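Right, one structure below, let's go through it.
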Amino acid sequence: MVHNIHEKANRRLNELSLLPKIKENGTIAKILEQNGFTRRDFMKWAGAMTAFMALPASMTPLVARAAELSDRLPVIWLHMAECTGCSESLLRTDAPSIDSLIFDYISLEYHETIMAAAGWQAEENLESAIEKYKGHYVLLVEGGIPTGETENFLTVGPHGTTGKTHAVHASENAAAIFAIGTCSSFGGIQAAKPNPSNAVSLGKVTSKPVINVPGCPPSEKNIVGNVLHFILFGTLPALDVFNRPKWAYGLRIHDLCERRGHFDAGEFVQAFGDEGAKNGYCLYKVGCKGPYTFNNCSRERFNQHTSWPVQAGHGCIGCSEPDFWDTMGPFEEPMGDRLFDTVLGLGADNVSDKIGIGILALAGIGIAAHAAIAAMSKDKE
Ligand code: FSX
Ligand code: SF4
Ligand code: F3S
């Protein structure tokens, strides 16, 4: 098995190395050097990335080579309805990380917020990139897509082309399509009730396979890791029921949370700012949705591994789950209360159908019961 994935990646990288460099933007070594990174830093990063993608450590040199060859694949990044937080997550660090430098190095043919072109020229750039690299480019789409009668909520460029038309057109000839962020993956905030623009996910407007990379925003590592994974293998990764790569979204936030010991011991923050909060207790009772949320934040964190919501003292709000704006709120109240109401028929608040998969509801009951029992035994003490 290990032998097979080595071979597969080797074959793929050999093929890529035969393609011409798309832009004369120097080598990755030069770019890293200019930004104060040594070869050793780069190899350390490649090692971390290999572990991050759940690949065997022996693949580190291949991951480094994939990064070096990442300028052979043209990338088109489209913006739909969103806040641009996904691009910010990746590109707006005050000291550029190796991840963001790799993204600079990638041949980004079109990206509305960072390209110099505007108006006609921008439209022409998109069209010529699609034509020139037909069937070879990687398409990244950020944002939900307004549809139907209301699709004029989003028009792009001087012709007034709708966002939906742009996204569908660019999808048709892409080699791989990534929905970057929860908006593009599941509709996001503009699709929250009452969804005035009738926004939907990218997967709903194109018939092509879409890999979802949700999070509002996703971490820079999840964005770069997914592109790198495609460069390395050229095929779709194993996906979960919501088309999220299992290697990144296979575990719950709760599974690897640093406050998990407190959860198990029944030590909860009861109100923000209390003694429990000062002691770093579990945030479940002030609304943490980590037990229902699949993402790798508790392992990878944000901003070059600096911190993440739970470390900063607020519960996870479930931002990588479908429809979390509608289903995970109120954000500072525990979900378990509502799940008990729902299943026991005690409350009018019927959320089980909105959570998406029944299994989460069942896990929620288990978790709520566990939290209650743990708290009771704590009180006894
Ligand atoms: Fe914003 Fe991206 Fe949230 Fe959406 O991130 S951070 S609203 S997922 O599409 O810009
Ligand atoms: Fe961490 Fe939240 Fe789980 Fe508590 S409930 S252990 S804060 S993920
Ligand atoms: Fe989002 Fe929860 Fe991570 S809110 S950023 S999935 S900790």
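Model, not experiment: these values are computed from the prediction. Order of appearance sets the numbers: ligands from 1, and atoms from 1 within every ligand.
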From [atom1] ([X]) to [atom2] ([Y]), nearest 0.5 Å:
| X | Y | atom1 | atom2 | result |
| --- | --- | --- | --- | --- |
| Glu321 | Lys289 | CD | NZ | 12.5 Å |
| Ile223 | Ile102 | CD1 | CD1 | 14.0 Å |
| Met49 | Lys221 | CE | NZ | 5.0 Å |

Are a donor atom and an acceptor atom from the side chains of [X] and [Y] found within less than 3.5 Å of each other?
| X | Y | value |
| --- | --- | --- |
| Lys204 | Thr147 | no |
| Asn14 | Ser17 | no |
| Trp308 | Glu258 | yes |

Just by distance, do the side chain of [X] and the backbone of [Y] share a donor-acceptor pair under 3.5 Å?
| X | Y | result |
| --- | --- | --- |
| Tyr281 | Glu275 | no |
| Arg244 | Asn212 | no |
| Ser320 | Pro214 | no |

By number and element, which atoms of ligand 2 are closer than 4.0 Å to a non-hydrogen atom of [X]?
| X | value |
| --- | --- |
| Arg259 | 6 (S) |
| Arg260 | 6 (S) |
| Gly290 | 8 (S) |
| Leu283 | 4 (Fe), 7 (S) |

Identify the closest protein heavy atom to atom 3 (Fe) of ligand 2: which residue and atom is it, and at what distance?
His254 ND1, 2.1 Å
To the nearest 0.1 Å, how far is atom 1 (Fe) of ligand 2 from its closest protein heavy atom, and which atom is that?
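Ranked first by proximity to atom 1 (Fe) of ligand 2 is Cys257 SG, 2.4 Å.
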Nearest non-hydrogen contact with atom 4 (Fe) of ligand 2 belongs to which option: Gly287, Pro291, Cys282, Cys288?
Cys282
Using a strict 4.0 Å threshold on nitrogen-to-oxygen distance, state whether Arg12 and Glu7 make a salt bridge.
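No.
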A student checking ligand 3 against Phe302 at a 4.0 Å heavy-atom cut-off should list atoms 5 (S)
State the atoms of ligand 3, each with its element, that fall below the 4.0 Å cut-off from a heavy-atom position in Trp308.
7 (S)
Compare all side-chain heavy atoms of Tyr249 with those of Asn222 and state whether any distance is below 4.5 angstrom.
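The answer is yes; the side chains approach within 4.5 Å.
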Lining ligand 1 at under 4.0 Å, by non-hydrogen atom distance, are residues Glu82, Cys83, Thr84, Gly85, Cys86, Glu142, Gly143, Gly181, Thr182, Cys183, Gly215, Cys216, Pro217
Look at the aromatic rings of Trp77 and His111 and report parallel, tilted or perpendicular, splitting at 30° and 60°.
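Ring orientation of Trp77 relative to His111: tilted.
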For Phe268 together with His262, are the ring centres under 6.0 Å from each other?
no
What are the protein N/O/S atoms, named by residue and atom, that sit under 2.8 Å from atom 1 (Fe) of ligand 3?
Cys319 SG
